[in-house]
Amino acid sequence: MSTLEPSSPGAGPAPTPARTSSLLPRGGGASGSAANGPLRRQWQRRAAGRRYGVAVLAALVSVGAHVLLHRYFGRTFDPLFLVVVGLSTWYGGFAAGLLTLVLAGIGAAATTIEPLGSLRIARRGDVLDLMTYGISGLAISGLVASLVAARRRAEEAREQVAFLAEVSEVLAGSLDYRATLSAAARLAVPRLADWCAVDVVDADGRLRRLAIAHVDPAKVDAVWAMSHRYRELADDPVPQVIRSARPQIIPEIPDDLLRRFARDEEHLQGLRAFGLKSLLIVPLVARGRTLGAITLVTAESGRHYGQADLLLADLLARRAATAVDNARLFQEAEEALQEKDRSLALLDTVFRGAPIGLAFVDRALRFVRVNDALAAMNGRSIDEHLGRTLHEVLGPGADALAPLFEEVFRTGRPRLEHELAAESGRTQLVSFYPVATPGGDVEWVGCIVGDVTERRRAAERALQGERMEAIARVAGGVAHEVNNMMTVISGFGGFLAGTLAADDPRAEDVAEIRRAADRAAGITRQLLAYSRQQLLQPTALDLNALLHANEPVLSRLLGAGVRVRLTTGPELVPVRADPAQLEQVLVNLILNARDAMAGEGILRIETENVTVGEGQPEVAPGVRMPAGRYVCLNVGDSGHGMDAATAARAFEPFFTTKPAGKGSGLGLATVYGIVKQSGGYIWVSSQVGQGTTFRIYLPEFVGPAPALPGVPAPASPRGAETILIVEDEAAVRRMASRALASQGYAILEAENGAEALELLGRTSGAVDLVLTDVVMPVLNGRELSERLAAERPEIRVLFMSGYTDDDIVRRGLLQPGAPFLQKPFMPAELSRKVREVLDAR
């Protein structure tokens, strides 16, 4: 048992003191009164003297009465003799009664003997009377002494019972066992001890002194001072009793025991000064656990403890242990109840405030608990749910739910994530689970209802976005390959045209080939626009000015049967966009509207400023625009409209509802790509028979607009430098070599980056420029340029690709600002770009 610092008198529960606690109690306060030691012993001596004095006086009275009665009544001995002996025994005890009997017998015998010296008995009958009365007196003395002893034991038993009853009443009077144990200790002094101490084991296993009682507060203070100075050890009697759960009794405390417990000479003198006589320690045991101990010590009274005292002390300890145990059980139960109340309150708060619908239904399908979210879903208050059945609350909508509740009641198994379509058109995900009694019977069925409408829409939109992105990647790859082929067709077609006379009939065939190549190049540009891979030239643009400038052209495209209503918002903020590409967006939307209206109807074009805040809700499921200012362009028609499935695929390339040969399916795909590449957002809303509206949000332009490239010179400049062409597509490589060789350049060719480095290592002459494709096997264009920068920094590099520079920069294949030539290109464009890079030294 750990040693604790003792508390001072009157300061509440005290920790365990030094060894002195095993012999002396340590706290303040006592009740009752008792004489001190010397006075009590003096009183006891005087009481004994009075008892024996009364016995002698009773004997004299008996002898005197006998002399008188014997003189007048002869040999008949006075029965008063027996009465006097009995009274003497009752008052003074058996010893006093025996003394009276002996003295009275001697006196009576003296009156029956003849004059001294003759040794002759006057009457022999008197001797027999004396013997008879002597034996009777002895019997009466023993009987009276037994009766007195029995009475005294009964009184002691009553006192013990009264004491235990009083202690029980005190201990049961409060659940504060610290206070009740203190009161019980005060009751034990001086009835059971001169000192009484109570120690209790706390929940952490530490021994703590709770109560001390003694009649003299000054002595209590002295013990406390000693207890603070000398700490308790584990082998002291109180810790030993608590560990063993067995009582310890020391009927007489010898001086060598004090010496064993004393820490020093001063400590020993202090223990001796208390005059300790006897020690009794009983454990506080309840439900098999030792909760502490009660220590009883005698000093001034000189009393020595025996087995009878141990029995009474054990009864006291049992009641005290029960009081401690009950108080702790109550405290634990109260804490558990408070914790349960807190948990229930928290659960109720969570239940009522949960963002999903929660309810419990009994076997009659009546609502017994409903939270706010479910009540809001059903459009009724909580009170309108409680005690009512599913059909009373939900009407026909309960037909789909009732079988599910009944199934869970019947099987006792949960039914999870059942999707239901509400009458409002929203989608709900409902789970059902059993709530069983302790006996295992399903009493309630709980349901969890979540509105997943927006989640479903967001998932569908995300899936559509992923599909669009996948199509865009495919479109970009197709455009890249087509651009390579168009570069070859356009280049070699140009070479062929240059060899034919103007009147050569084959010249028209070549021109037709070149026109087809131009159309194919236009398709690739649309695919690149959809995949957001075309090269834009954005600038600060006034959308209202663009609309007014193009209004006549748009009207001619629509025809006479379609009226245009143009409503422009005031003071539009400038947007960052490529004017030519935005015109393409307008033309494609106008053509789509014209076909939807079959040449007759109303076309609405509207613009306005829109501000999106930080807390702005989603503009579409799963889509949230960044905060800032936008210009909204609405283009709506009064055509036949689209159903939801068609609208979901409106921006897919090559998807069209027009008859075969009437459309390529790239118009709206091009619009989508240009808007997204411009940093904007586009949505379509349509209903069959009510027309279609496209909403385009373009972000406000912030910062300086990029400078537009200058108009290239029409002529094909010549040169004499050495150029290394690196291209994995052999046809493109041959076309570029022929075009540049025709302008006077010396040409070297390599199929990939690794072959180019090997060729440069073998070449003794200077190489002025490397014209390289970006995407190549083995070693791509960027890796080649990095090797050249380290090994041959004097060589310039010009990149070319069927992808746009924006796309390959995003993919990390090209450094921003690097010289770049977009495929397909004509020989003249190639010559001008090569000359531009070479002259930029």
Side-chain angles (χ1 to χ4, degrees), residues 339-464 614-624 644 648 685:
E339 182 63 28
K340 182 179 179 181
D341 290 341
R342 286 192 294 268
S343 299
L344 290 176
L346 178 60
L347 289 175
D348 187 66
T349 301
V350 172
F351 177 83
R352 293 183 61 87
I356 58 176
L358 300 173
F360 293 99
V361 174
D362 63 14
R363 286 188 170 273
L365 301 187
R366 291 189 300 264
F367 287 103
V368 292
R369 286 293 303 276
V370 175
N371 74 341
D372 296 335
L374 186 69
M377 289 180 185
N378 295 334
R380 296 194 177 195
S381 67
I382 293 178
D383 292 337
E384 291 177 305
H385 284 75
L386 299 181
R388 298 187 178 184
T389 65
L390 293 175
H391 289 86
E392 290 174 339
V393 175
L394 303 178
D399 295 337
L401 289 173
L404 299 174
F405 279 104
E406 292 170 350
E407 176 186 342
V408 177
F409 273 118
R410 185 176 63 257
T411 64
R413 294 192 298 270
R415 179 73 179 271
L416 305 177
E417 295 189 350
H418 185 82
E419 191 169 297
L420 294 174
E423 293 183 357
S424 61
R426 305 189 69 82
T427 303
Q428 294 177 342
L429 199 63
V430 188
S431 293
F432 307 86
Y433 58 93
V435 180
T437 63
D441 297 328
V442 179
E443 182 179 13
W444 294 347
V445 168
C447 68
I448 304 173
V449 184
D451 191 327
V452 295
T453 306
E454 301 303 327
R455 193 199 316 173
R456 289 283 186 269
R457 291 176 181 174
E460 292 172 359
R461 191 166 190 87
L463 181 62
Q464 180 186 10
E614 293 292 344
Q616 186 79 10
E618 295 178 343
V619 292
V623 179
R624 190 185 302 275
S685 57

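Here, residue 1 is the first one in the sequence, and each next residue gets the next number.
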Any side-chain heavy-atom pair from [X] and [Y] closer than 4.5 angstrom?
X	Y	value
Leu365	Glu406	yes
Pro414	Pro434	yes
Leu374	Leu358	no

Gap separating the [atom1] atom of [X] from the [atom2] atom of [Y], nearest 0.5 angstrom:
X	Y	atom1	atom2	result
Tyr433	Cys447	OH	SG	7.5 Å
Leu344	Thr349	CG	OG1	10.5 Å
Arg366	Leu390	CZ	CG	11.0 Å
Phe405	Asp362	CZ	CG	10.5 Å
Leu394	His385	CG	NE2	6.5 Å

Would you check if the side chain of [X] reaches a backbone N or O of [Y] as a donor-acceptor pair within less than 3.5 Å?
X	Y	value
Arg363	Val442	yes
Asn371	Ile356	yes
Asn378	Arg380	no

- Those residues at least two apart in sequence (or on a different chain) that pass side chain to side chain contact (heavy atoms under 4.5 Å, CB included) with Arg415 are Leu404, Glu407, Val408, His418, Phe432
- Using side chain to side chain contact (heavy atoms under 4.5 Å, CB included) as the criterion, list what pairs up with Ser381, not counting sequence neighbours. Asp383, Glu384
- Query: Testing Phe409, Phe360, Phe367 for ring-ring contact (aromatic ring centres under 6.0 Å, His included) with Trp444, which one passes?
  - Reply: Phe360
How far apart are the closest heavy atoms of [X] and [Y], and which atoms are they?
X	Y	result
Thr389	Ala364	CG2-O, 3.9 Å
Glu417	Ser431	N-OG, 2.9 Å
Asp399	His391	OD1-NE2, 3.2 Å

- Report the C-alpha distance between Arg388 and Val370 in whole Å, list the side-chain angles of each, state the deciding distance to 0.1 Å, and finish with yes or no for side chain to side chain contact (heavy atoms under 4.5 Å, CB included). CA-CA 11 Å; Arg388 298 187 178 184; Val370 175; over 6 Å; no
- Query: Which residue pairs pass the salt bridge (charged side-chain N to carboxylate O under 4.0 Å, His left out) test with at least one member in residues 435-445, sequence neighbours excluded?
  - Reply: none
